[in-house]
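Written below as structure tokens is the structure these notes are about.
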Amino acid sequence: MSGIAVITTCRNIAGFFHLLQGKDSFKTRVYKVYFKLHSYYWVAFFLLLVLHLLVTIPHIGLPSPGEPYALSHRVAFYSSIANFILVLAVFTSCRSFLSLYNLFTAKTPMDGGFFKRFYNFHAVLWVLLMASVVTHIVSGIIHAVNT
């Protein structure tokens, strides 16, 4: 659920699906109430992601040769690594990370440079993450159902 909260509160995703039309959309009551908690949704998402990792690895284990449906287990495992990298990329290209960055430094990276160029790929990183998550879920279900 926290992942859904993060993605539905992302300005780029809302803009990508034309959910927020025009400049006045960001001033609506829904945006002000629901969307201002975006940073907190990220915290919940990271905590639940760590919990998922701590429960899944001991329960399912790492892929090993010769196990039934080893391919689906490997795909689920390697897509989880890709998911982790993509989540970090999405978060570091997020304005929530910018707020965290500004908390510790007096610099504003959106004025130019690397962060501004990296932020331009935020929606693309979301699409890659969603494709990787779907791959992870489908291969995880295939492995779980058949073992």
Side-chain angles (χ1 to χ4, degrees), residues 1-21 25-26 30-105 107-147:
M1 279 315 255
S2 61
I4 293 170
V6 168
I7 198 167
T8 57
T9 57
C10 179
R11 288 183 184 191
N12 283 12
I13 297 301
F16 183 75
F17 290 108
H18 306 289
L19 297 176
L20 298 172
Q21 298 291 330
S25 297
F26 293 108
V30 171
Y31 180 79
K32 287 180 178 180
V33 172
Y34 183 62
F35 293 91
K36 79 177 180 180
L37 299 174
H38 184 68
S39 298
Y40 297 105
Y41 299 143
W42 269 110
V43 172
F45 178 68
F46 279 126
L47 291 174
L48 290 172
L49 197 62
V50 168
L51 180 64
H52 174 67
L53 176 75
L54 292 174
V55 169
T56 305
I57 295 286
H59 180 69
I60 304 228
L62 299 174
S64 58
E67 70 175 283
Y69 298 95
L71 178 63
S72 62
H73 194 179
R74 272 183 267 153
V75 170
F77 178 73
Y78 291 122
S79 64
S80 69
I81 294 170
N83 290 343
F84 180 73
I85 293 167
L86 285 167
V87 162
L88 290 179
V90 168
F91 178 68
T92 55
S93 69
C94 180
R95 288 180 182 253
S96 294
F97 178 74
L98 177 64
S99 300
L100 184 64
Y101 182 83
N102 286 339
L103 185 67
F104 293 106
T105 66
K107 299 177 183 178
T108 307
M110 281 301 275
D111 289 342
F114 175 75
F115 185 83
K116 188 171 184 177
R117 288 190 303 271
F118 189 47
Y119 175 74
N120 291 334
F121 292 102
H122 188 67
V124 174
L125 291 169
W126 266 118
V127 171
L128 292 173
L129 177 61
M130 286 187 269
S132 184
V133 166
V134 167
T135 302
H136 177 72
I137 291 171
V138 168
S139 60
I141 289 171
I142 290 170
H143 182 263
V145 166
N146 293 303
T147 55

If you take all heavy atoms of A76 and H136, which pair is closest and at what distance? O-ND1, 2.8 Å
Pairs where residues 46-86 contributes a residue and the test ring-ring contact (aromatic ring centres under 6.0 Å, His included) is met, not counting sequence neighbours: W42-F46, F46-F91, H73-H143
Roughly how far, to the nearest 0.5 Å, is the CG atom of N83 from the CG atom of L128? 11.0 Å
Measure the CG-CG distance between L48 and L53 for me, rounded to the nearest 0.5 Å. 12.5 Å
Rounded to the nearest 0.5 Å, the CG atom of L125 sits from the CE atom of M130 at a distance of 10.5 Å
Among I142, V138, V145, exactly one meets side-chain contact (heavy atoms from CB on, under 4.5 Å) together with S72. Which residue is that? I142
When rounded to the nearest 0.5 angstrom, what distance separates OG in S132 from CD1 in I85? 9.5 Å
T92: partners by side chain to side chain donor-acceptor pair (under 3.5 Å), with sequence neighbours left out: none
Look up atom OG1 in T56 and atom CG in L62, then write down how far apart they are to the nearest 0.5 Å. 11.5 Å
Sub-3.5 Å donor-acceptor pair from the side chain of S93 to the main-chain atoms of V90, do we have one? yes
